[in-house]
Amino acid sequence: MAKKTYRFPHKHLLGIRGLSAEDIQYLLDVAETHIAKNRQQNKKKDSLKGRTVINLFFENSTRTRTSFELAGKRLSADVINMSATHSSIKKGETLIDTAMTLNAMHPDIICVRHPESGAVQLLSEKVNCAVVNAGDGTHEHPTQALLDALTIRMKRGPLKGQTVAICGDILHSRVARSNVALLTTMGAKVRLIGPPTLMPRFADALGGKVYHNMREGLKGCDIIMMLRLQTERMQGSFVPSIREYFHFYGLDAEKLSHAKSDALVMHPGPINRGVEISGELADDIQRSVILDQVEMGVAVRQAVLEVLVEGLDA
Ligand code: NCD
């Protein structure tokens, strides 16, 4: 159960970096309290009744936007979804003007996804409400790391001491950055596996041990997180061909056999079958917890909204 006495000391959730183990633990504890209710017929709670939540998405998204929307609605908030393609951003309005316009309508929380790293932080400095980073460029995606952590915790218990491999396009991945920060803070051991061209220059400084060989890197791992090749962020060619990429870095049953025999397979989605993961493995519910991650995503976002609203009232 969540410790009701804990006070989350941050106004916004802009990233995992900057959160303490206690902050993370608290968010996960609150999230866990939402899981059972979300499986019932009546999923409604009223902890955000009278509140306004704006989901402001400057980048296409299906699962994350839906997840934030459901989270807000299940807590009885008024939820507005704004997508950049339908807004005045296309008419040349700046990010700051958009933020100030929305701020004038007195929202309580704005959840923002933006293609530029740092844009969400910038926006948070211009508004009075709480801001949640729903993914900014290649920088952070904190609710994804939290939902990944909740999935691991529900399936395998505490994160401390578990060996987690994050594999693939580390260079362009905000999911990888947030996950490395969360996992190392919580005492898990992190490995980063991928081709040299998709590894940040100082990858080990992120806090993980770097491998370029999948079979070597997967040896003894408890959890394997696969990442999508983020082609929309690539300028130029980072892999010789998709076929060759799958051959060396795509997760299939053979490569998986090098990890622990009960290792779990995760992926933030959207998955590209036959690119970073084989279709059979993605569908194997004995090993893949990809849909559990989606389920935990709603509970985590409910927790984040609730905890930030508590902070606004304090
Ligand atoms: C991730 C993202 O957008 O960063 N997906 C997500 O949030 N569901 C990862 C990805 O796009 O590959």
Side-chain angles (χ1 to χ4, degrees), residues 16-17 19 21-22 24-25 27-29 31-32 35 141-170 173-195 198-199 203-204 206-228 248-269 271 276-297 299-300:
I16 297 293
R17 253 169 234 288
L19 298 187
E22 291 73 27
I24 294 168
Q25 185 78 31
L27 288 170
L28 296 178
D29 288 347
E32 202 175 318
I35 298 172
H141 190 353
T143 56
Q144 179 69 44
L146 287 164
L147 75 88
D148 289 340
L150 185 61
T151 307
I152 298 173
R153 202 169 94 159
M154 297 307 285
K155 293 278 170 190
R156 286 296 145 84
L159 296 163
K160 195 167 184 231
Q162 304 217 37
T163 303
V164 182
I166 306 178
C167 313
D169 185 0
I170 314 282
S173 177
R174 53 195 175 206
V175 174
R177 273 174 194 73
S178 291
N179 260 311
V180 174
L182 187 149
L183 292 165
T184 50
T185 302
M186 300 310 280
K189 295 183 220 90
V190 180
R191 298 181 187 176
L192 301 171
I193 313 176
L198 292 176
M199 209 44 91
D204 41 359
L206 286 175
K209 190 166 176 342
V210 174
Y211 293 83
H212 298 302
N213 181 299
M214 276 287 265
R215 293 174 182 83
E216 219 178 280
L218 291 180
K219 217 168 280 169
C221 282
D222 299 285
I223 313 284
I224 303 158
M225 294 182 172
M226 298 308 299
L227 299 171
R228 184 175 64 87
F248 287 107
Y249 294 102
L251 190 65
D252 57 11
E254 190 281 318
K255 290 194 198 77
L256 180 61
S257 70
H258 294 263
K260 279 196 183 152
S261 59
D262 60 350
L264 293 180
V265 176
M266 305 178 74
H267 193 305
I271 59 170
E276 70 270 355
I277 187 165
S278 78
E280 296 82 57
L281 201 52
D283 295 331
D284 178 356
I285 55 165
Q286 302 302 319
R287 308 305 295 272
S288 151
V289 293
I290 296 172
L291 297 178
D292 300 271
Q293 290 172 267
V294 177
E295 182 186 4
M296 294 306 118
V300 154

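None of the values given here were measured: they were computed from a predicted structure. We number each residue from 1, following the sequence as shown. Heavy-atom basis, side chains included; hydrogens, waters and symmetry copies ignored.
Atoms OG1 and CE, on Thr151 and Met225 in that order, are 8.5 Å from each other to the nearest 0.5 Å. Taking SG of Cys221 as the start and NE2 of His258 as the end, the distance is 12.0 Å to the nearest 0.5 Å. Between Met296 atom CE and Leu146 atom CG the span is 13.5 Å, to the nearest 0.5 Å. How far CG of Leu147 is from CG of Asn179: 8.5 Å, rounded to the nearest 0.5 Å. Of the inter-residue distances, the one linking Thr184 atom OG1 with Leu159 atom CG reads 11.0 Å to the nearest 0.5 angstrom. In this structure, CG on Leu183 lies 10.5 Å from OG1 on Thr163, to the nearest 0.5 angstrom.
Leu192 is listed as a side-chain neighbour of Leu206, based on a closest heavy-atom distance under 4.5 Å. Between Tyr249 and His212 the shortest side-chain heavy-atom distance falls below 4.5 Å. Two residues are said to be in side-chain contact when any heavy atoms from C-beta on lie closer than 4.5 Å; Met214 and Cys167 meet this criterion. Glu276 is not listed as a side-chain neighbour of Leu251, based on a closest heavy-atom distance of 4.5 Å or more.
When all heavy atoms of Ile290 and Met266 are compared, the pair lying nearest together is CG1-C, 4.4 Å. Considering all non-hydrogen atoms of both residues, Ala188 and Val164 come closest at CB-CG2, 4.4 Å. When every heavy atom of Gly168 is checked against every heavy atom of Pro195, the shortest pair comes out as O-CD, 4.3 Å. Across all their heavy atoms, Leu182 and Ala149 have their closest contact at CD2-CB, 3.6 Å. The two residues Ile16 and Pro142 make their nearest non-hydrogen contact at CD1-O, 3.7 Å. Residues Ile170 and Arg177 come closest through the heavy atom pair O-NH1, 3.5 Å.
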Would you sort out whether Leu227 and Val175 count as a side chain to side chain contact (heavy atoms under 4.5 Å, CB included), showing the intermediate values? CA-CA 8 Å; Leu227 299 171; Val175 174; 4.1 Å; yes
Evaluate the criterion side chain to side chain contact (heavy atoms under 4.5 Å, CB included) for residue pair Ile35 and Met154; output intermediate values, then yes/no. CA-CA 10 Å; Ile35 298 172; Met154 297 307 285; 3.8 Å; yes
Determine, step by step, whether Leu256 and Leu218 satisfy the side chain to side chain contact (heavy atoms under 4.5 Å, CB included) criterion, reporting the C-alpha distance in whole Å, the side-chain angles of both residues, the deciding distance to 0.1 Å, and the verdict. CA-CA 7 Å; Leu256 180 61; Leu218 291 180; 5.8 Å; no
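Contacts of Gln162 classified as side chain to side chain donor-acceptor pair (under 3.5 Å), with partners at least two apart in sequence or in another chain: none. The salt bridge (Lys or Arg N to Asp or Glu O under 4.0 Å) test applied to Lys209 returns no partner, not counting sequence neighbours. The side chain to side chain donor-acceptor pair (under 3.5 Å) test applied to Arg174 returns Glu59, not counting sequence neighbours.
Formation of a donor-acceptor pair under 3.5 Å by the Arg287 side chain with backbone atoms of Ala253 is not found in this model.
Remark: Arg156 does not engage Asp222 in a salt bridge, criterion side-chain N to carboxylate O under 4.0 Å.
No option in His267, Gln293, Arg153 other than Gln293 meets the side chain to side chain donor-acceptor pair (under 3.5 Å) test with Asp148.
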